[in-house]
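This report concerns only the one structure given below.
In this text, all values refer to a predicted model and were calculated from it rather than measured experimentally. In each ligand, atom 1 is the first atom listed, and ligand 1 is the first ligand listed.
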Amino acid sequence: KEHIEKVNAFSSDQLEEVESFRIQYLGKKGVLNAFFAEFKNVPNEQKKEFGQVINELKNAAQDKVTSLKESLENSASSTAQYGDLTRPGMPYEVGSRHPISLVKNQIIDIFSRIGFNVSQGPEIEDDWHNFTALNLPEYHPARDMQDTFFVQTDPDILLRTHTSSVQVRYMENNKPPIRTISPGRVYRNEAISSRSHCFFHQVEGLYIDKGVSFADLKQTLQFFTQEMFGKSKIRLRPSYFPFTEPSAEVDVYWGLETETDYRMTKGTGWLEIMGCGMVDPNVLENCGIDSKEYTGFAFGMGIDRIALLLHQISDIRLLSENDLRFLKQFKSVL
Ligand code: PHE
């Protein structure tokens with residue numbers, strides 16, 4: 001019985017050790033044969049019990065040898081096949097979202113809660129969708145506001161300068177009521193510096209229905225700034241865009257702690273975050289919407305600048321250099 005315990009406790013991953021264990025118990029001069037030889041000397045009344053015990057021992061020893069040899073063979077062949085499976089694994093690098101995507105997703109999330117869907121369009125545009133339909137006919141001086149990259153020498157094909165082009169496409173293909181935001185990359189031929197780049201990202205919004213008013217615009221913007229920045233004190237400064245009338249620049253009151261921010265009108269606490277206005281009736285008509293029946297508002301903001309602001313990034317170029325030391329600081333994967 002002692003031997004049975006020993007057999008059960010035995011383990012080894014060395015083939016030689018398993019083999020000498022087998023010889024010790026099951027070999028010609030092994031423990032078991034010695035017990036079997038002893039059998040004839042055992043008194044008759046104990047023969048039954050003695051027999052049972054040595055049979056049990058024999059089975060235990062045989063099972064042990066077979067199972068150890070089997071697992072040795074398995075690990076030998078899997079080592080050959082897959083390498084050493086007992087080595088510690090390589091750590092997975094968990095990726096994270098780019099700060100532009102983080103901010104973009106946040107903006108989409110906020111507007112989707114008040115019924116805006118997401119629309120997209122091509123980055124290579126034609127003149128109609130980027131300019132003419134938006135009330136910027138050829139030779140309109142406001143075209144100079146947006147330094148345009150043209151594709152090859154064709155003045156009709158260009159890299160979109162804003163995602164208002166997506167709004168034009170959306171109006172052409174959908175009937176009001178329309179509530180859509182258009183996030184995407186845009187291009188302008190500007191000098192590259194820590195504050196501006198020749199490409200950046202925008203989210204533009206469009207709401208068209210019967211009876212949409214400037215008050216609706218202001219409420220929507222206030223909801224947005226509250227959700228996005230935790231600040232609902234905004235002001236609308238009169239401005240000019242060819243596609244909206246009236247037009248305004250939206251400032252958020254930031255309090256005094258970010259006075260040093262580059263866009264802060266010094267010491268006032270107001271921070272400019274987007275442009276907006278009531279869609280010009282000409283634009284609605286250009287896109288096949290009856291301007292006597294419908295009105296609407298539009299707004300547009302730069303994602304990159306909001307990302308710089310929220311994540312305290314000092315140079316816009318960091319956003320497009322793919323430097324892992326920079327990107328790894330943004331842990332969120334959402
Ligand atoms: N399209 C404008 C821009 O790129 C932003 C804007 C959108 C302004 C909608 C007013 C209304 O600067």
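- Below 4.0 Å from some heavy atom of Ala298 lie the following atoms of ligand 1, by number and element: 9 (C), 11 (C).
- Aromatic ring centres of Phe297 and Phe214 lie farther apart than the 6.0 Å criterion allows.
- Which parts of ligand 1 touch Phe299 is read off a 4.0 Å heavy-atom cut-off, strictly below it: atoms 7 (C), 9 (C), 11 (C).
- Checked by distance only, ligand 1 and Gln167 stay at 3.5 Å or farther apart across all their nitrogen or oxygen atoms.
- Distances from atom 6 (C) of ligand 1 to the heavy atoms of Phe200, Phe243, Phe297 show the closest one on Phe243.
- In this structure, Glu321 places its CD atom where more than 12 heavy-atom neighbours from other residues, nucleotides or ligands lie under 6.0 Å away.
- Contacts of Ser247 with ligand 1, taken as heavy-atom pairs under 4.0 Å, are absent altogether.
- Those atoms of ligand 1 that come under 4.0 Å of a heavy atom in Gly275, given as number and element, are 8 (C), 10 (C).
- Look at Glu19 and Arg22 and you find a salt bridge, because one of the NZ, NE, NH1 or NH2 atoms lies within 4.0 Å of a carboxylate O, short of that distance.
- Distances below 4.0 Å separate heavy atoms of Phe241 from the following atoms of ligand 1: 8 (C), 10 (C).
- Between Ser164 and ligand 1, at least one pair of N/O atoms sits closer than 3.5 Å.
- The side-chain heavy atoms of Phe199 and Ser320, taken from C-beta on, include a pair separated by under 4.5 Å.
- Phe50 and Phe39 have tilted rings, their planes meeting at an angle from 30° to 60° on a 0 to 90° scale.
- Relative orientation of the Phe21 and Tyr25 rings is tilted, given thresholds of 30° and 60° on the angle between their planes.
- The distance between the ring centers of Phe330 and His311 falls below 6.0 angstrom.
- When the options Glu249, Arg188, Met301, Met278 are ranked by their closest heavy atom to atom 12 (O) of ligand 1, first place goes to Arg188.
- Residue contacts with ligand 1, taken as heavy atom pairs separated by less than 4.0 Å, involve Gln202 solely via side-chain atoms from C-beta onward.
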